[in-house]
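Note on naming: letters A, B, ... go to the chains in the order of the sequence lines (proteins, then strands), and numbering restarts at 1 for each one.
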2 protein chains.
Amino acid sequence: MLDHAPDLDLVFQALADPTRRALVERMTTGPASASELARPFDMTLAAVLQHLKVLEDSGLVHTKKEGRVRMCRVEPDALRGAEAWIAERRTTWERRLDRLGSVLSEEER
Amino acid sequence: MLDHAPDLDLVFQALADPTRRALVERMTTGPASASELARPFDMTLAAVLQHLKVLEDSGLVHTKKEGRVRMCRVEPDALRGAEAWIAERRTTWERRLDRLGSVLSEEER
DNA sequence: GAAATACTCAAGCACCTGCTTTACTAAAGC
DNA sequence: GCTTTAGTAAAGCAGGTGCTTGAGTATTTC
């Protein structure tokens, strides 16, 4: 069975690199092969393939070998997991500030 | 002037560590001093202070020295920036899938 | 004013990252 | 079948990360 618990360490670590974010960004416009993805970058194909492995290990990207080509596409579930973690913490804090604000304006009266 | 452009490299890098995510999580329930934050962890105060510095450099956390105590609280803007980056990429991809889906079911008819 | 508290600073160390290079394998194209 | 294309594997290296220890400096507290 597939592992559907995306590991936040790996996801955030993967997103911490600008090259990898650019790769994700490119893939959101449609699937692409590794060498297609590598073309715009000023680094070797080997380096880009290592970035793609990091992305795949994090669950952000799915890849599949078709003939001699490795096709890559985004896996939105892992993105959703990271987004949810952030959103939850942010709203917890913002709700706290709201409550605090209304307590203070109560006291003002 | 304050730098209000949160650097995504630093933000995601900061969130990639479980100790730092736990610190953020704790701070969403209210501000706390460094040693309060450090107490639950099985590591030296010095180590936790280094984590707090990473969080502060990323813009996720604001700290201020009050007497001999350093008080820390979450800075929701940096969280929002990271959340927005992810949300944008995810929805771009999901919209693409929707369009693709409707084209396919058009052809089915 | 002496002792305890809450950091701060800097050095040191094991391990991890982001590359490169070189050498290799497997599919496509001609 | 020979060449080009696309990727894989592994080693090596500079610089970064996540700790620790030890030695300091301000504030409080008693």
Side-chain angles (χ1 to χ4, degrees), chain A residues 6-27 30-75 78 82, chain B residues 6-27 30-75 78 82:
Chain A
D7 181 328
L8 288 177
D9 281 30
L10 296 181
V11 170
F12 285 129
Q13 183 72 263
L15 292 177
D17 183 278
T19 302
R20 287 193 295 259
R21 283 201 307 280
L23 288 170
V24 168
E25 197 146 9
R26 164 64 185 81
M27 281 182 245
S33 72
S35 41
E36 249 178 293
L37 289 168
R39 197 150 311 126
F41 295 99
D42 187 23
M43 67 180 76
T44 60
L45 173 63
V48 171
L49 287 165
Q50 284 168 36
H51 281 302
L52 285 171
K53 179 163 189 341
V54 172
L55 287 168
E56 182 157 31
D57 288 349
S58 77
L60 283 166
V61 159
H62 177 81
T63 81
K64 194 185 176 194
K65 194 118 191 214
E66 293 172 6
R68 68 178 164 175
V69 171
R70 179 166 295 276
M71 287 303 286
C72 311
R73 64 177 167 70
V74 164
E75 200 64 70
Chain B
D7 181 329
L8 288 176
D9 282 30
L10 296 181
V11 170
F12 286 129
Q13 183 72 266
L15 292 177
D17 183 279
T19 301
R20 287 193 294 260
R21 282 200 308 281
L23 288 170
V24 168
E25 197 146 7
R26 163 65 185 79
M27 282 180 244
S33 73
S35 41
E36 250 178 292
L37 289 167
R39 200 148 7 235
F41 294 99
D42 186 23
M43 67 180 76
T44 60
L45 174 63
V48 171
L49 287 166
Q50 285 167 37
H51 281 303
L52 285 171
K53 179 161 188 343
V54 172
L55 287 168
E56 181 156 31
D57 289 349
S58 77
L60 284 166
V61 159
H62 178 80
T63 81
K64 194 185 176 194
K65 193 116 192 211
E66 293 172 6
R68 69 179 163 174
V69 171
R70 180 166 294 277
M71 288 301 288
C72 312
R73 64 176 168 70
V74 163
E75 199 64 71

With the side chain counted from C-beta on, respond yes when [X] and [Y] share a heavy-atom pair under 4.5 Å apart, and no when they do not.
| X | Y | value |
| --- | --- | --- |
| B/H51 | B/V61 | no |
| B/K65 | B/M71 | no |
| A/L52 | A/L49 | yes |
| B/L60 | B/M27 | no |

* **Residue met sooner reading DNA chain C from 5', once A/Q13 and A/G67 are mapped to nucleotides** => A/Q13
* Bend angle of the helix from C/dG1-D/dC30 to C/dC30-D/dG1, end axes from five pairs each (to 10°) -> 30°
What pair of heavy atoms forms the shortest contact from [X] to [Y], and how long is it?
| X | Y | result |
| --- | --- | --- |
| A/L45 | A/A38 | CD1-CB, 3.8 Å |
| A/V69 | A/S33 | CG1-CB, 3.4 Å |
| B/S58 | B/A78 | O-CB, 4.4 Å |

Figure out the [atom1]/[atom2] separation between [X] and [N], and round it to whole Å.
| X | N | atom1 | atom2 | value |
| --- | --- | --- | --- | --- |
| A/M71 | D/dG7 | CE | C1' | 14 Å |
| A/D17 | D/dT17 | CG | C1' | 15 Å |
| A/R68 | D/dA6 | CZ | P | 6 Å |
| A/L49 | D/dT5 | CG | P | 17 Å |

* Asked: Do any of residues 30-46 of chain A sit with a heavy atom less than 4.0 Å from DNA chain C, and if so which?
  ->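 Under 4.0 Å from DNA chain C: A/M43, A/T44, A/A46.
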* Any donor-acceptor N/O pair, B/R26 side chain to B/E36 backbone, under 3.5 Å -> no
* For a side-chain contact (heavy atoms from CB on, under 4.5 Å) with B/C72, tell me which candidate from B/V24, B/L37, B/L23 qualifies. =>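 Answer to the side-chain contact (heavy atoms from CB on, under 4.5 Å) test with B/C72 among B/V24, B/L37, B/L23: B/L37.
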* Reference residue A/T63; test side-chain contact (heavy atoms from CB on, under 4.5 Å); the match among A/R70, A/E75, A/R73 ->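 One option only clears the test, and that one is A/R70.
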* **Presence of B/H51 side-chain N/O under 4.0 Å of D/dT17 phosphate oxygens OP1/OP2** =>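 Checking D/dT17 against B/H51, no side-chain N or O comes under 4.0 Å of OP1 or OP2.
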* Structure fact -> By nearest-heavy-atom nucleotide on DNA chain D, the more 5' of A/K65 and A/Q50 is A/K65
* Between which nucleotides of DNA chain C, read 5' to 3', does contact with chain A run, using atoms under 4.0 Å from its heavy atoms? ->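 The footprint of chain A covers C/dG18 to C/dA28.
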* Take atom NZ of A/K64 as the centre, draw a 6.0 Å sphere, and report whether it contains more than 12 heavy atoms from other residues, nucleotides or ligands. =>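 Open.
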